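Have a look at the structure below before the remarks.
The first residue of the sequence shown is numbered 1, and numbering continues consecutively from there. It should be emphasised that the depicted structure is a prediction, and the values quoted were computed from it without experimental measurement. Order of listing sets the numbers, starting from 1, for every ligand and every atom in it.
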Amino acid sequence: MTVTDSSPPPPGRDSLIDDLLWRGLIQDSTGLDELRELLDGGKSTTYYVGFDPTAPSLHVGSLMQVTMARRLQLAGHRPLLLVGGATGQIGDPKESAERTLNPPDVIAGWVERIREQLAPFVSYTGDNAAQLVNNLDWTGEMSIVEFLRDVGKHFPVNKMLAREVVRARLETGISFTEFSYQLLQANDFFELHRRHGCQLQFGGSDQWGNITAGVDYVRRRGAGPVQAFTTPLVTKSDGTKFGKTEGGTVWLDPTMTSPYAFYQFWLNVEDQEVDRYLRYFSFRTRDELEELAKATAERPAARLAQRALAEELTTLVHGADETRQAIAASQALFGRGSLDELAPETLRAALTEAGLVRLTGELPDVAGLLRDSGLVSGLKEARRVIAEGGAYVNNNRVTEVDARVSATDLLHGRYLVLRRGKRSFAGVELGE
Ligand SMILES: N[C@@H](Cc1ccc(O)cc1)C(=O)O
């Protein structure tokens, strides 16, 4: 470690690194002393994190990097958010198989969308104003001779082969294209160091190989030293992949995953996981999180931690208005609030999550609706549920076994909310 004369804050709750360690956010690093010097040394450090356009939107898995970028900026450091207009056209090798290349114009469209999506998570004013960068700007213009001479010469192939993903792919095969990916990411670190004074890169734990390749490369080019760390892989206790639901990937784009579904994703986090996720993703202080954990432990049924997590992250990604509506919809659907006050888009999003059946023509009676929506297996069961007082239309208990709905029952002229018991519900949409 190099000695500096700036006095770092004492280790403890005020230190950024100690906070990151307490949160469990640092998996690998080039050295904690080096990180302390950059991040707790009393000066502003320029850092970067990259996102490849492999889809039209980022997903909840990327939130780890997005919130980390925000966290470091809030502590006074300067973010460079890189979107991989070049690397996205090459494809970071996955262990499973070679990627299919997407057409360049499709990737260019995704670059734009992801830039716009990333933009609001950081601030563009002050000494540590963020900047969005695209590696196509320096990679696109490089000639093949330049690339092989200036970049490739610094990469020992034996080291590249030893990398875990590459090793995993030696059996099944890996193209030269994907094999070369790490050179591009390494060169990004060098270019950002030289152009913007970038001294630190972070990424997910699967990025450690690419990132250290960059650290070595910057040194071999006679620059640096530069530092790096990775965040842990977000795991689930049942072994399934974080960030997926029955409905598929949970995206940040509201047209791909509704704010309601996004809110529900966090609300449904398991008790064993919620404290860890709060430490990973929340901007509440350690004291606040410890207090919340205590309150949650005292009254687990209230799911205070899940609510806090869902509310904070939905607000961060979708804003306060959408969050208010998602909360109102969640409450109203479970019978604790008014369905009439929900905006049609919110109601529709919520019912789509629950299972929305479209019916045309004459509506059947309530028993028929319960059957058509899948809440019961047949008319016999439907009548029994009604007779036992367990069937609701728009939160009103149905008392007559042969009850029917009328046009005035329809919410926004076309929706019905059916509920069986406390927790199972489904939607009906009346079409033309
Ligand atoms: N390889 C990173 C994205 C990335 C691209 C270029 C970089 O310079 C940095 C990071 C990923 O797949 O997540």
Side-chain angles (χ1 to χ4, degrees), residues 27-28 30 46-55 57-69 72 79-102 107-108 110-111 114-115 117-118 130-140 142 147 151 155 160 163-166 168-169 174 177-196 198-218 221 223-224 226-234 241-243 249 252:
Q27 170 88 32
D28 293 303
T30 46
T46 302
Y47 60 94
Y48 103 90
V49 54
F51 302 88
D52 268 351
T54 51
S57 169
L58 301 174
H59 48 81
V60 285
S62 340
L63 265 189
M64 193 76 155
Q65 308 332 316
V66 170
T67 51
M68 179 62 81
L72 300 193
L80 302 171
L81 302 184
L82 178 146
V83 182
T87 40
Q89 295 188 53
I90 303 305
D92 200 353
K94 288 187 293 192
E95 285 205 3
S96 50
E98 186 84 14
R99 294 173 189 266
T100 8
L101 294 176
N102 293 303
I107 297 176
W110 292 349
V111 167
I114 291 170
R115 277 176 77 93
Q117 197 167 53
L118 281 170
Q131 214 175 313
L132 292 166
V133 296
N134 182 347
N135 57 13
L136 192 58
D137 291 349
W138 53 85
T139 314
M142 206 191 311
F147 174 70
V151 187
F155 284 81
M160 291 173 68
R163 214 188 128 196
E164 213 175 301
V165 258
V166 176
R169 287 279 299 280
I174 179 167
T177 309
E178 288 193 0
F179 183 59
S180 319
Y181 183 96
Q182 60 172 283
L183 277 72
L184 297 187
Q185 184 164 342
N187 191 51
D188 290 344
F189 205 171
F190 177 64
E191 288 297 337
L192 293 175
H193 178 69
R194 136 161 115 177
R195 292 166 185 236
H196 300 282
C198 177
Q199 288 185 282
L200 174 69
Q201 179 181 181
F202 68 83
S205 56
D206 62 329
Q207 292 297 307
W208 187 236
N210 289 337
I211 293 176
T212 49
V215 172
D216 292 345
Y217 174 67
V218 172
R221 296 281 310 243
V226 290
Q227 309 299 335
F229 71 91
T230 58
T231 57
L233 183 74
V234 185
K241 210 169 163 197
F242 170 78
T249 302
L252 303 193

Nearest to [atom], what protein heavy atom do you find, and at what distance?
atom	answer
atom 11 (C) of ligand 1	Q207 NE2, 3.3 Å
atom 12 (O) of ligand 1	D92 OD2, 3.2 Å
atom 6 (C) of ligand 1	D188 OD2, 3.3 Å
atom 5 (C) of ligand 1	Y181 OH, 3.3 Å

Test of proximity, T87 against ligand 1: N or O pairs below 3.5 Å: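 No.
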
Separation of N187 CG from F155 CZ (nearest 0.5 Å):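 Reported value, rounded in 0.5 Å steps: 7.5 Å.
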
Euclidean distance, W208 CH2 relative to R163 CZ, rounded to 0.5 Å: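 Nearest 0.5 Å value for the CZ-CH2 distance: 12.5 Å.
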
Any Y48 heavy atom less than 4.0 Å from ligand 1: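 Y48 counts as a contact of ligand 1 under the 4.0 Å cut-off.
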
G50 to ligand 1, any heavy atom closer than 4.0 Å: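 Yes, G50 has a heavy atom closer than 4.0 Å to ligand 1.
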
Result of checking E191, H196, R195 against V133 for side-chain contact (heavy atoms from CB on, under 4.5 Å):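 Testing each of E191, H196, R195 against V133, the sole residue satisfying side-chain contact (heavy atoms from CB on, under 4.5 Å) is H196.
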
Close-contact set for ligand 1 against N135 heavy atoms, below 4.0 Å: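 In order of number, 6 (C).
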
Subset of ligand 1 atoms that lie under 4.0 Å from at least one heavy atom of Q201: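 So the answer, numbered in order with elements, is 9 (C).
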
Candidate pair E98 and R169, rule salt bridge (charged side-chain N to carboxylate O under 4.0 Å, His left out), full reasoning: CA-CA 9 Å; E98 186 84 14; R169 287 279 299 280; 2.6 Å; yes

Identified side chain to side chain donor-acceptor pair (under 3.5 Å) partner of Q207 from the options D92, T230, D28: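 Going through D92, T230, D28 one by one, the side chain to side chain donor-acceptor pair (under 3.5 Å) with Q207 is satisfied by D92 alone.
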
Which segment of V49 sits under 4.0 Å of ligand 1 when only heavy atoms are counted: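 Neither; no heavy atom under 4.0 Å.
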
T54 and ligand 1 - part of the residue with a heavy-atom distance under 4.0 Å: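 Neither; no heavy atom under 4.0 Å.
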
Side-chain H-bond candidate by donor/acceptor type, S57 with Q117, under 3.5 Å: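 There is such a pair (donor and acceptor under 3.5 Å, judged by atom type) between the side chains of S57 and Q117.
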
E164 CD: over 12 foreign heavy atoms closer than 6.0 Å: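 No, CD of E164 has 12 or fewer neighbouring heavy atoms, counting only those of other groups under 6.0 Å.
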
Parallel, tilted or perpendicular: ring planes of F189 versus Y48, cut at 30 and 60 degrees: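 Because their plane-to-plane angle is over 60°, the rings of F189 and Y48 count as perpendicular.
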
